[in-house]
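Report on one structure; see the data block that follows.
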Amino acid sequence: MDIERYLVDFDTSKIKIEYHDVIIIGSGIAGVYTAMEIPENYDVVILTKETLEISNSVMAQGGIAVSLDKEDSPELHYKDTIYAGAGLCDEKSVWVLVNEAAENIEALFKCGVKFDRKSHNQLSLTREGAHSKNRIIHAGDTTGKEVCDKLISVVKTKENVKIKERTFAIDLITCQDTCIGVITYEEDIKTYVLHLSKMVVCATGGFGQLYSHTTNPEVATGDGIALAYRAGAQLVDLEFIQFHPTVLFHPENKSFLISEAVRGEGAILRNIHGESFISLYHELKELAPRDIVSRAIFSEINKTNSNHVYLDITFKDKEYLENRFPNIYKTCLEYGIDISKDYIPVAPAEHYCMGGIKTDVYGRTNIKALYACGEAACNGIHGANRLASNSLLEGLVFGHKIGKEAHQLIKNSIHKKLDFVVNTGRILKDVEKNKIRCDTQNIMTKYVGIARDKEGLTYAKDRINEHYNKIVDMRNISIEDFELQNIVLLSKLVVEAALEREESRGAHFRLDFKKKDDIKWKKNIIKRKN
Ligand code: SIN
């Protein structure tokens, strides 16, 4: 048995088995919305490793991009998305995203989602980086929570949808190029369970936890991307990691996001001397694409020999700020920063992975019956740098498309009879797991961050390979073990992809290859050799 294929041993004649039509892994916006969109005559299970309410989507602040204003259009939204993506977007996927945005937002209204309004029949639209129009709909500065809360309350009423919390998806089960289920670990009963299905949707989010500073929650360990890779799915664009420019920089909190919408409402970036600097870097100033703003801050931090810059919104009054950004206002105050009077110390931190499991516009992967959507997937809409507030939208539009695919796929499909034993040959090992996890995160932060070069990436590759070799044959007995395997595996793949792309494009900036090279560099597709 290939030791890199499965993380645990199991025997199909002995293990507990459950049957479903559709398995959805992940309970962020992509997972929950997809579950709602599957026809009700099919039984669906959502597997989530924590509770339903814990996901990266819930933490989204800014909003959702959609061209609803009469001065706006899907064409303009398309142009902005393509511009931000630095020549790597898949045009067909972007068209689908922008053209199908409005109908999916309409579905949110029907679920009771409340967005801020200027008046009874007019939504309040704000702007974020690289948008040419005000098109971000929002619910204060907790848009993700408002959307997820409402979707979760709807999905809980669906009789065909079962929710299994504290259920960790370890590996996909495949049979002759088709995905037929998932081996899971159920924490409440401390048991492995084999879930068999006719369709599996991977909506597990990204891998912010590869880095020591990230806006992502602790659950963002890239499990879905790693298990898809082990099963033979193609991954793509892994080197493109988005660093959000403005993350709180406080000794006790370096992961709280200060939404781009704050800059959308006019906030100014200042260096530690209080000087505005961004016009030196881009004509769109504070609202340039995210990769450009992050690099400008990174450069200003280096120039001033500091570790942060400031965001200044002090020209707005307290009442306005408490009302427009209640969560940011309250959280900063907890750290002694009154944003109506004080500059907010900020620095870039990992925020989003543009790459992931390669899919087409219907969410299909190269493995039959395996679909992916949301941050775990990559259908090319973000290219080398995601346009602000396109991520919740992605979960909706492509979750909807997968829901529509389900019937065609499932209608004539039957559950496969299984009779096999997985014996990986893994051994119990005494390794310093916490040390490996922290060291990997530190290496990724230091050498695979905003600016990279061959020397740093080669060092990172060697160090991560050492960690990989220590755990590749380790017997895994807990969720922490599975997560560690996924973090180290994905770090290895990200570093390899970053090393291979000898050009600078979007979020991938090479100090030793500062120019974009459209002729030589296309997509970096990765697949496990098996
Ligand atoms: C933000 O509010 O700045 C984040 C929105 C996004 O990631 O698109």
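Just so you know, ligand 1 is whichever comes first in the structure, and atom 1 is the first atom listed for that ligand. Index from 1, following the sequence.
- Under the 30°/60° scheme for interplanar angles, the aromatic rings of His508 and Phe240 are found to stand perpendicular.
- A donor-acceptor contact closer than 3.5 angstrom links the side chains of Ser299 and Tyr281.
- In this structure, Glu146 contributes its side chain and Ala139 its backbone to no donor-acceptor pair below 3.5 Å.
- Under the side-chain hydrogen bond (donor to acceptor under 3.5 Å, both in side chains) criterion, Thr440 pairs with no residue, sequence neighbours left out.
- Sorted by chain and number, the residues within 4.0 Å of ligand 1 by heavy atom are Gln61, Gly62, His244, Leu257, Ser259, Glu260, Arg290, His351, Arg386, Ala388, Ser389.
- Side chains of Asp116 and His138: a donor on one and an acceptor on the other come within 3.5 Å.
- Judged purely by distance below 3.5 Å, without hydrogens or angles, the side chains of Asn385 and Gln242 pair a donor atom with an acceptor atom.
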